[in-house]
Amino acid sequence: MDTLNDIWKEVLALCKQEVSDVMYSMWLSPLVFYKLDADTAVFTVNAEYKKNIILTKFAPLIKKNFKEIIGFDVEIDVIVDSAVSEKNTDSVSVKEENKNTQTEDNENAPSENVKKSSASFTFDNFVVGKSNLFAYTVAKGVAESPGNQYNPLLIYGNSGLGKTHLLFAIYNELKKNNPNAVIVYTTGETFLNELIESVGKKNTYAFHNKYRNVDALLVDDIQIIQKGDMTQEEFFHTFNALDQAGKQIILTSDVPPKEMAILDERLRTRFEMGVIADVKPPDVETRKAIIKRKSQSLGITLPESMTDFIATKIKNNIRQLEGTVKKIEALRKVYGVMPSLEQVQNIVKDVTSDSLPVSVVINNIFSIVSNTYGITVDDIKSANRSANISQARNICMYVIKTVTGITLKEVGAYFGKDHATVLHSINKVKSLIETDGTFKNTVNNIIREVKEKN
């Protein structure tokens with residue numbers, strides 16, 4: 001990252017992971033980063049109402065991710081400037097940069113933001129290890145011979161293990177091999193939102209045309225379509241149309257189809273009729289290779305002791321490994337010197353709780369949740385279905401899964417529940433987080449306390 005604008009791009013990329021595509025494209029992507037004045041990040045917009053929305057709805061998210069990238073807190077300020085436009089060349093606007101990456105794929109192309117972010121993901125820069133070798137091999141097979149032996153292909157695994165990297169690598173390879181091919185990349189969330197919009201506008205023909213008249217359809221986070229019966233029905237017919245035409249379908253998910261508790265059985269059997277490949281957390285040697293590859297891409301060389309420390313402490317998330325290296329480089333740019341090992345230890349502590357054994361972390365989670373709700377750990381593990389205890393139990397499952405990354409089956413073992421029950425409880429928590437600000441703060445505070453304790 002050579003400039004402060006590069007830092008903003010990294011912050012924006014993190015923000016994108018936490019909001020819907022609609023919210024991102026409407027409010028965050030158009031933001032123009034004006035300057036970093038002492039400890040205040042200043043942005044410009046062209047209307048007062050936009051300023052109010054950014055400050056009230058998105059400032060906490062932006063602040064959090066600035067700290068994630070540069071390692072210290074900043075305040076957020078927004079200036080209304082009617083002269084601001086996408087052609088402002090003195091400041092960064094992702095929309096302006098996207099204009100330079102347009103293709104002739106029209107509505108079937110990925111969005112400009114997707115094309116910009118996907119270009120760097122290739123098979124060549126995907127670090128292969130025992131944990132992802134099978135997924136990597138079948139993904140390459142799909143890219144080399146779409147619509148044949150590996151169709152559909154579903155890649156699943158926890159967040160941050162490289163699923164999206166492989167999906168974009170397939171996309172880039174398909175386009176390189178056949179520039180005229182019609183290839184659509186989307187997300188489960190975007191598919192859902194576009195369907196709702198097309199129904200509202202009574203224009204489902206355009207929606208069908210976009211997704212059914214393609215040579216390959218790539219859908220990231222397909223599990224999102226479980227949110228609506230109408231969405232599942234629509235994807236069922238889209239899947240059938242493409243399958244009958246011999247077109248390639250590639251999906252990613254955080255869980256295998258059998259763990260998608262509210263997925264229509266017709267879709268489940270279709271997802272399972274092709275190849276299912278999982279990606280697991282990388283082993284220590286692969287983690288070191290990832291750190292070194294990311295360091296090289298940023299033009300820095302980390303001491304071997306620093307690489308070893310990061311690889312030993314961050315075990316379950318490639319995105320955290322890469323994010324740690326990015327933060328080291330950001331601090332080097334801001335302060336002019338390479339951070340010390342002690343500073344790196346603090347960076348790592350911010351993103352992981354792996355410093356203690358998983359069993360100890362889980363015991364801490366039980367303790368913190370029980371204290372928060374004024375109940376006992378035995379209450380949480382019991383069959384008591386009272387509202388207060390049930391909610392605490394659901395949060396406990398969610399936090400255990402989020403913090404430790406263990407499987408749903410392993411989470412369930414602590415409660416005497418099967419994986420489907422755990423998934424249902426976790427989805428309840430996710431839904432409440434999206435709709436109830438107070439509940440969201442409670443969960444975030446529990447996670448923060450868990451990390452501080454570990």
Side-chain angles (χ1 to χ4, degrees), residues 14-28 49 52-65 67-68 76 158-159 187-190 192-193 196 221 223-231 254-255 259-263 353 362 364-377 379-382 384-405 408 411-412 415 417 420-453:
L14 291 180
C15 292
K16 190 177 189 302
Q17 298 172 18
E18 301 184 53
V19 298
S20 70
D21 288 349
V22 173
M23 292 173 68
Y24 175 81
S25 60
M26 183 176 293
W27 301 111
L28 295 175
Y49 80 92
N52 294 335
I53 289 174
I54 294 298
L55 290 177
T56 57
K57 301 291 187 183
F58 297 102
L61 174 66
I62 296 171
K63 287 174 64 176
K64 182 191 77 170
N65 287 324
K67 185 174 182 180
E68 178 71 19
I76 304 300
N158 289 334
S159 177
T187 65
E189 186 81 22
T190 299
L192 184 154
N193 291 334
I196 293 171
D221 290 326
Q223 76 278 355
I224 298 296
I225 68 168
Q226 296 180 98
K227 288 183 178 180
D229 293 339
M230 180 177 67
T231 311
D254 57 0
V255 293
E259 293 188 12
M260 297 182 193
I262 53 178
L263 185 69
S353 295
I362 290 174
N364 287 339
I365 292 171
F366 274 115
S367 176
I368 291 167
V369 173
S370 64
N371 290 337
T372 300
Y373 277 81
I375 57 180
T376 68
V377 173
D379 288 332
I380 295 175
K381 294 183 178 181
S382 74
N384 190 314
R385 299 177 64 85
S386 65
N388 191 51
I389 292 176
S390 292
Q391 187 171 90
R393 185 180 301 121
N394 292 344
I395 289 176
C396 220
M397 293 181 185
Y398 174 84
V399 174
I400 289 172
K401 177 65 176 171
T402 300
V403 172
T404 68
L408 295 174
V411 174
F415 300 86
K417 308 290 185 183
T421 302
V422 174
L423 180 61
H424 182 66
S425 297
I426 289 173
N427 285 337
K428 275 187 176 181
V429 174
K430 288 180 178 179
S431 295
L432 277 173
I433 286 173
E434 292 176 357
T435 58
D436 187 332
T438 301
F439 179 82
K440 179 179 180 179
N441 288 336
T442 298
V443 175
N444 287 342
N445 287 337
I446 289 171
I447 292 175
R448 187 179 302 110
E449 188 175 347
V450 170
K451 290 185 175 181
E452 288 174 353
K453 195 168 186 177

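In what follows, residues are counted from 1 in the order of the sequence shown.
- Counting only distance, with no hydrogens or angles, the side chain of S390 and the backbone of A387 share no donor-acceptor pair below 3.5 Å.
- Exactly one of I380, V411, V429 qualifies for a side chain to side chain contact (heavy atoms under 4.5 Å, CB included) with M397. That residue is V411.
- Between L61 and K63 the shortest side-chain heavy-atom distance does not fall below 4.5 Å.
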Practice task
Start with the C-alpha distance between N394 and L432, add both sets of side-chain angles, then the distance that settles side-chain contact (heavy atoms from CB on, under 4.5 Å), and finish with yes or no.
Solution key: CA-CA 11 Å; N394 292 344; L432 277 173; over 6 Å; no

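- The line from OG1 of T402 to CD1 of I447 is 5.0 Å long, rounded to the nearest 0.5 Å.
- Of all the heavy atoms in I76 and L55, the pair that sits closest is O-CD2, 3.8 Å.
- Atom CD1 of I389 is separated from atom CG of D379 by 4.0 Å, given to the nearest 0.5 angstrom.
- Residues S382 and R393 come closest through the heavy atom pair O-NH2, 2.9 Å.
- Within a 6.0 Å radius of NZ in K428, no more than 12 heavy atoms belonging to other residues, nucleotides or ligands are found.
- The CD atom of Q17 lies 10.5 Å from the OH atom of Y24; values are rounded to the nearest 0.5 Å.
- Among all heavy-atom pairs drawn from Q226 and L263, the shortest one is OE1-N, 3.3 Å.
- Interatomic distance, T404 OG1 to I362 CD1, rounded to the nearest 0.5 Å: 5.0 Å.
- Note: E449 CD to N364 CG = 9.5 Å, rounded to the nearest 0.5 Å.
- Contact annotation: the side chain of L28 never approaches that of K16 to less than 4.5 Å [non-hydrogen atoms, C-beta and beyond].
- Side-chain contact check for Y398 versus I433: some heavy-atom pair is nearer than 4.5 Å.
- Taking the six-membered ring where the residue is Trp, the centroids of F415 and F366 are separated by under 6.0 Å.
- For the residue pair N388/S386, the side-chain donor-acceptor check at 3.5 Å is not satisfied.
- With rounding to the nearest 0.5 Å, the separation of SG in C396 from CD1 in I426 is 11.0 Å.
- The minimum heavy-atom distance linking A392 with I375 is given by the pair CB-CD1, 3.7 Å.
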Handout entry: Full working for side-chain contact (heavy atoms from CB on, under 4.5 Å) between D221 and Q223
Key = CA-CA 5 Å; D221 290 326; Q223 76 278 355; 3.5 Å; yes

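- No donor-acceptor contact under 3.5 angstrom links the side chains of T442 and N445, judged on distance only.
- Of all the heavy atoms in I446 and I395, the pair that sits closest is CD1-CG2, 3.9 Å.
- N193 places a side-chain N or O within 3.5 Å of a backbone atom of E189 that can act as its donor or acceptor partner.
- Residues K401 and L408 come closest through the heavy atom pair NZ-N, 4.1 Å.
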